[in-house]
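Atoms within a ligand are numbered from 1 in the order they appear, just like the ligands themselves.
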Amino acid sequence: MTTGNINVSVENIFPLIKKFLYSDHEIFLRELISNATDATLKLKHLTSIGEAKVEYGNPVIEVKIDKEGQKLHILDQGIGMTADEVQKYINEVAFSGAEEFLEKYKDSKDTGIIGHFGLGFYSAFMVAKKVEIITKSYTDAPAAHWTCDGSPQFTLEEADKKDRGTEIILHIADDSTEFLEESRIRELLVKYNKFMPVPIKFGTRTETLPKPEDAKEDDPAPTKEVDNIINNTEPAWTKQPSDLKEEDYKNFYRELYPMQFEEPLFHIHLNVDYPFNLTGILFFPKLTNDISIQKDKIQLYQNQVFVTDNVEGIVPEFLTMLKGVIDSPDIPLNVSRSYLQADGNVKKISNYITRKVADKLNSLFKDNREDFEKKWNDIKIVIEYGMLSEEKFFEKADKFALYPTVDDTFHTFEELREKIKDNQTDKDDKLVILYTNNKEEQHGYIEEAKAKGYEVLLLDSPIVAHLIQKLETEKENISFVRVDAEPIDNIIKKDEEKISKLSDEEKDKLKEIITGAVPKEKYTVQLETMDSNAAPFLITQPEFMRRMKEMSATGGGGMFGMSNMPEMYNLVVNTNNELVSQILNTKTKPKQERLIRQSLDLARLSQGLLKGEELTNFIRRSFEMIK
Ligand code: ADP
Ligand code: MG
């Protein structure tokens with residue numbers, strides 16, 4: 001038997017390991033199972049090239065809890081180690097690795113990155129007061145038994161283990177007994193090892209077998225105890241896209257999100273090995289307008305080992321609303337997030353993902369436009385968000401981004417431009433694109449626009465104000481205007497002269513009367529010469545003000561503090577309407593005021609602005625009038 005000091009210079013490394021990673025103790029299991037997997041795959045490789053003259057067989061990794069003995073066992077049938085190798089790999093290499101790790105991160109405030117970076121074998125000391133390794137190499141060398149109780153001293157002696165492989169025994173520390181609970185270990189196995197490439201056994205389960213031919217009706221079906229394998233060793237993303245059917249992707253989605261009942265809309269299989277290595281499958285779920293709650297559903301793996309579900313910096317921001325997995329050994333995990341964003345490889349990965357997503361969307365659009373249109377409302381938020389945040393994506397998406405009209409026809413931007421350019425170009429040669437964000441509330445305004453033969457888009461996502469701002473800067477000579485921003489003839493100004501029924505003196509008088517009868521702080525009275533059959537009173541909200549308010553409410557763009565500005569409206573009075581002449585010519589003041597108030601309320605009603613007590617009063621008054 002040998003005893004020795006691992007390294008005298010760092011007497012206190014074990015307490016340090018333990019204290020240091022206080023929040024991430026659970027990763028020890030991932031590390032030990034990764035080692036067991038590596039050892040198994042190494043053996044597979046050596047047998048395949050004829051280097052190891054042993055039977056590879058069907059190795060499993062086993063995790064066992066010995067509650068009574070307060071021990072956790074991790075066993076593998078991999079390559080194993082000779083005593084010399086234990087000395088070299090555990091006492092020297094792994095130890096100095098752990099030491100280096102601690103040196104580097106001991107003062108780090110960035111605890112988020114620590115869990116991503118394996119401390120390796122020595123992470124066992126985060127939860128164990130003593131660790132044993134019993135290991136037998138695939139060569140003829142005798143088995144070795146290493147023990148270390150958390151002080152720098154270790155013992156290394158011969159053991160009589162006969163079968164190849166390694167057993168790690170953790171004597172769980174008194175403050176870590178949670179790791180002796182079956183439910184806790186199962187939780188960790190599912191979290192970190194669900195898709196690892198070597199089968200992992202955790203206990204057994206009862207399997208029901210088919211009844212034999214001669215069984216009687218109420219004979220119980222025979223059962224059998226079988227290994228409980230917790231992982232799928234060949235998850236869909238590790239296969240070739242050509243080997244998978246639509247159904248396989250859906251099944252994989254269910255495997256990833258067992259609690260999710262809604263099916264994904266479509267998937268994107270990522271598969272690249274140059275200039276970096278990356279595989280994965282992204283799913284487009286049905287998305288709602290609430291951006292924040294849908295984030296952090298993509299899982300990041302490294303060679304089938306779960307690392308994190310925070311892919312910030314790796315996946316472009318707008319795609320963090322998707323679901324699925326990304327697996328890459330080329331993503332550096334031991335660096336801070338800000339460094340990650342500056343890393344050349346990571347930037348390439350992020351660009352690749354953006355391009356793949358754009359290409360897939362483009363082919364869905366081209367191959368089956370009808371289906372793409374059906375899905376548009378469920379996916380538009382990602383696309384619109386992407387167009388806003390990634391220039392490259394904007395260029396690609398411009399070909400397939402859709403602009404639906406209130407009548408449910410979908411146009412690309414170019415199609416729309418073609419369609420409306422004759423009718424909706426104003427006298428200054430500007431193409432005016434009309435839109436609404438609510439078909440019901442702005443119904444009256446939409447009808448006015450349609451009566452002129454104009455198209456009205458239905459743009460109702462929360463970031464639409466930002467998007468149209470972007471489109472206005474990208475495209476030449478266009479402007480988006482919401483249908484209720486102004487009277488329709490003012491939105492798209494043509495060259496025709498409108499003749500006013502009222503003289504200038506009459507107009508001045510009318511303006512004075514109406515201004516005196518409506519709340520000044522809320523409405524700016526604006527006289528307009530319009531068609532005589534257009535509404536007498538109309539409430540509008542100027543595009544610029546409203547859009548700035550919306551933009552500052554959804555963050556970014558716009559002007560700071562705009563969302564707190566009071567609501568201001570224009571009260572547009574159609575001087576050619578019969579009722580307006582009547583108001584002007586009414587001699588009795590109370591009657592005149594009543595007409596104005598009633599007309600104002602009707603205009604507010606058509607904007608959905610009449611509510612509460614004012615609505616009640618309006619209804620009462622209206623009943624009175626028709627009695
Ligand atoms: P890493 O896995 O990054 O090499 P670790 O600290 O996890 O670092 O492990 C150190 C070394 O110990 C491994 O490289 C391997 O040589 C050896 N080792 C650890 N666990 C096993 C095992 N279960 N079977 C065989 N060798 C192992
Ligand atoms: Mg390791």
Check: [X]/[Y] side-chain N/O donor and acceptor closer than 3.5 Å:
{"X": "H171", "Y": "E132", "answer": "yes"}
{"X": "E225", "Y": "T204", "answer": "yes"}
{"X": "E317", "Y": "S389", "answer": "no"}

Under 4.0 Å from [atom], is there at least one protein heavy atom?
{"atom": "atom 8 (O) of ligand 1", "value": "no"}
{"atom": "atom 4 (O) of ligand 1", "value": "no"}
{"atom": "atom 12 (O) of ligand 1", "value": "yes"}

Row check, F394 ring normal vs K470 NZ/CZ: under 6.0 Å, within 45°: yes
Row check, Y257 ring normal vs K323 NZ/CZ: under 6.0 Å, within 45°: yes
Nearest-neighbour protein heavy atom for [atom], which is reported as residue plus atom name and distance:
{"atom": "atom 10 (C) of ligand 1", "result": "A94 CB, 3.6 Å"}
{"atom": "atom 19 (C) of ligand 1", "result": "N35 ND2, 3.6 Å"}
{"atom": "atom 26 (N) of ligand 1", "result": "M81 CE, 3.6 Å"}
{"atom": "atom 16 (O) of ligand 1", "result": "Y89 CG, 3.5 Å"}
{"atom": "atom 6 (O) of ligand 1", "result": "F121 N, 2.9 Å"}

Ionic contact status for E26 with R184, cut-off 4.0 Å: yes
Sub-4.0 Å atoms of ligand 1 with respect to non-hydrogen atoms of I90: 12 (O)
Could you label the plane-to-plane angle of the [X] and [Y] rings as parallel, tilted or perpendicular, counting under 30° as parallel and over 60° as perpendicular?
{"X": "F400", "Y": "F393", "answer": "perpendicular"}
{"X": "F276", "Y": "Y352", "answer": "perpendicular"}
{"X": "F195", "Y": "W237", "answer": "perpendicular"}

Taking everything shown except [X] itself, do over 12 heavy atoms lie less than 6.0 Å from its [atom1]?
{"X": "N58", "atom1": "CG", "result": "no"}
{"X": "D140", "atom1": "CG", "result": "no"}
{"X": "K88", "atom1": "NZ", "result": "no"}

Proximity winner for atom 24 (N) of ligand 1, if only heavy atoms of S34, A39, G78, G120 are counted: A39
Minimum non-hydrogen distance to atom 15 (C) of ligand 1, winning option of E167, K42, E85: K42
Min heavy-atom dist E31 to ligand 1 below 4.0 Å: no
Shortest non-hydrogen contact from N232 toward E255: ND2-OE2, 2.7 Å
D76 and ligand 1 - part of the residue with a heavy-atom distance under 4.0 Å: side chain
Near the Mg ion (ligand 2) (under 2.8 Å) - protein N, O or S atoms: N35 OD1
Heteroatom distance test (D38, ligand 1): nitrogen or oxygen, under 3.5 angstrom: no
